Structures are given as C-alpha cells and as structure tokens.
Colleague: 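Before I ask anything, here is the structure I am working with.
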Amino acid sequence: MRPPPWDWTSRAAPSLHDFEALADAAFRGLPEHFRLGCEGLIIRVQDFPDEEILDEFDASSEFELLGLFRGLGLAQSQGVQTGQFPNMVYLFRRPILDVWAEGEETLGDLIRHVLVHEIGHHFGLSDADMERIEREAE
C-alpha cells in the first residue's frame, strides 16, 4: 500500500539525478523557438557553486546563487572558435531546494524559472522576454 501523497515521512529530497530529469523536463517544455537557439548549450546540475564561482560573484554563502550562465552569449559570439568552451548553464540543486522549501512555487516551476533566466543570458533577453517565455512554456 502506497502512502498518501501528503505523507512525506518516506520521501527524500530529489537527488542530482532526479534534478537533472526535472531540468530536462523543464527544458523540453520550453517553446520550440527558444530551444532551437540552444543548440550546443550544456545544462549541468551541481549541488553548489564551486569556490571559484563564489569568489567571482563575491557570494557570502554557497546558497546565494541558484544558477549561472557561462560562455559567450549569442550577441557576443562569432561562431565556435578553436579552444572555446561550450556555453553552459549551471543549476545549483541545494540553493534551489532551499528557495523552494521557503516558497509557494512548485519545484518544477522554480527550476524552469532559473533555467529560463540563465538561458536568457545566452540570448541577451530582457526580463520581460524571459517572463513571456515562461508563460509560453508547457
């Protein structure tokens, strides 16, 4: 017999693998025109940002950053150059879970929000554009 859906006594926080699956589902739910511009973009899930990232952003806590875009946005890019690292979006599982636990948003919606925001940096989108993309998502 399965416990009722509100019974959290046997549930654990989503693992990195679970989180990757949630991020993949969120990405697949984004509008096609948005996803098509993401060719070659790598989405990576980590528990926390590393020390280098924390230092770069002068973060006072490892919980301060939910995500990060690394690379050359489409506006700055002139095609792939030899030796250039691929564009990457990082999602930081533990800080996202912390925000989720304190809020009213579903975990899937929060992951989609962070994903759209970080990919938005890749495209050079405004906040209004990112909000529109989120509304268009499935």
Side-chain angles (χ1 to χ4, degrees):
M1 179 178 201
R2 295 180 67 176
W6 46 263
D7 182 3
W8 286 80
T9 58
S10 62
R11 296 188 185 199
S15 67
L16 283 171
H17 179 74
D18 296 334
F19 218 85
E20 288 168 352
L22 288 166
D24 183 57
F27 182 78
R28 284 184 283 112
L30 296 175
E32 183 177 10
H33 64 88
F34 188 70
R35 286 180 309 181
L36 289 175
C38 295
E39 186 175 331
L41 181 73
I42 296 171
I43 299 170
R44 184 170 179 191
V45 176
Q46 294 180 190
D47 271 328
F48 290 105
D50 60 33
E51 287 298 322
E52 180 182 323
I53 292 170
L54 294 172
D55 289 344
E56 178 183 341
F57 286 89
D58 199 26
S60 58
S61 164
E62 59 191 359
F63 284 91
E64 202 168 311
L65 297 173
L66 304 182
L68 176 67
F69 170 75
R70 283 255 187 221
L72 290 174
L74 292 180
Q76 295 84 27
S77 178
Q78 297 178 9
V80 176
Q81 305 293 318
T82 302
Q84 177 182 329
F85 288 107
N87 286 341
M88 297 184 74
V89 166
Y90 292 88
L91 299 176
F92 303 120
R93 183 182 77 97
R94 295 282 307 279
I96 290 173
L97 289 174
D98 196 53
V99 169
W100 170 63
E102 293 178 0
E104 304 267 331
E105 203 170 5
T106 68
L107 183 56
D109 286 347
L110 181 56
I111 290 171
R112 181 178 58 240
H113 173 78
V114 175
L115 192 60
V116 168
H117 182 83
E118 298 309 332
I119 293 172
H121 291 304
H122 171 64
F123 287 114
L125 299 178
S126 69
D127 287 341
D129 290 333
M130 288 185 251
E131 288 172 12
R132 182 181 44 77
I133 300 272
E134 282 190 72
R135 284 192 307 273
E136 293 175 7
E138 297 175 4

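None of the values given here were measured: they were computed from a predicted structure.
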Colleague: Less than 4.5 Å apart, any side-chain heavy atom of Leu107 and any of Phe19?
Modeller: yes

Colleague: In Å and rounded to the nearest 0.5 Å, what is the CD to CG distance from Glu64 to Asp58?
Modeller: 8.0 Å

Colleague: Using side-chain heavy atoms (C-beta onward) and a distance below 4.5 Å, is Leu66 in contact with Phe92?
Modeller: no

Colleague: Please report the closest heavy-atom contact between Tyr90 and Arg70, naming both atoms and the distance.
Modeller: CE1-CG, 3.7 Å

Colleague: Would you kindly confirm whether Leu30 and Leu41 end up in one hydrophobic cluster when ILVMFWY residues are joined by side chain heavy atoms under 4.5 Å apart?
Modeller: yes

Colleague: Between His113 and His117, is any side-chain donor less than 3.5 angstrom from a side-chain acceptor?
Modeller: no

Colleague: Answer yes or no: is there a side-chain heavy-atom contact under 4.5 Å between Pro31 and Ile133?
Modeller: yes

Colleague: Is it the case that one hydrophobic cluster holds both Val89 and Ile53, taking links as side-chain heavy atoms less than 4.5 Å apart, direct or via other members?
Modeller: no

Colleague: Does some side-chain heavy atom of Ile119 sit less than 4.5 Å from a side-chain heavy atom of Phe27?
Modeller: yes

Colleague: Tell me the closest heavy-atom pair linking Ile111 and Ala23, and the distance in Å.
Modeller: CG2-CA, 3.9 Å

Colleague: Can you label the angle between the Phe123 ring and the Phe34 ring as parallel, tilted or perpendicular, going by 30° and 60°?
Modeller: tilted

Colleague: For His33, does the NE2 atom sit with more than 12 other heavy atoms under 6.0 Å from it, leaving out its own atoms?
Modeller: yes

Colleague: Where do Pro49 and Glu62 come nearest, in terms of heavy atoms and distance?
Modeller: CD-O, 3.5 Å

Colleague: Indicate yes or no: does Arg28 engage Asp24 in a salt bridge with an N to O separation below 4.0 Å.
Modeller: yes

Colleague: List the atom of Gly40, the atom of Pro86, and the distance in Å for their closest heavy-atom pair.
Modeller: O-CB, 4.1 Å

Colleague: Of all the heavy-atom pairs spanning Arg93 and Val45, show the shortest one and how long it is.
Modeller: CB-CG1, 4.3 Å

Colleague: If you take all heavy atoms of Gln46 and Asp50, which pair is closest and at what distance?
Modeller: NE2-N, 4.3 Å

Colleague: Side-chain heavy atoms nearer than 4.5 Å, only ILVMFWY residues, links allowed to pass through others: does that put Ile43 and Val116 together?
Modeller: yes

Colleague: Could you grab the distance from atom CG of Leu115 to atom CG of Leu110, nearest 0.5 Å is fine?
Modeller: 11.0 Å

Colleague: Could you state the interatomic distance from CE (Met88) to CD1 (Ile42), rounded to the nearest 0.5 Å?
Modeller: 5.0 Å

Colleague: Answer yes if Leu65 and Phe69 sit in the same cluster of Ile, Leu, Val, Met, Phe, Trp and Tyr residues linked by side chain heavy atoms under 4.5 Å apart, and no otherwise.
Modeller: no

Colleague: Indicate, with yes or no, if Leu68 and Val99 share a hydrophobic cluster defined by side-chain heavy-atom contacts under 4.5 Å among Ile, Leu, Val, Met, Phe, Trp and Tyr.
Modeller: no

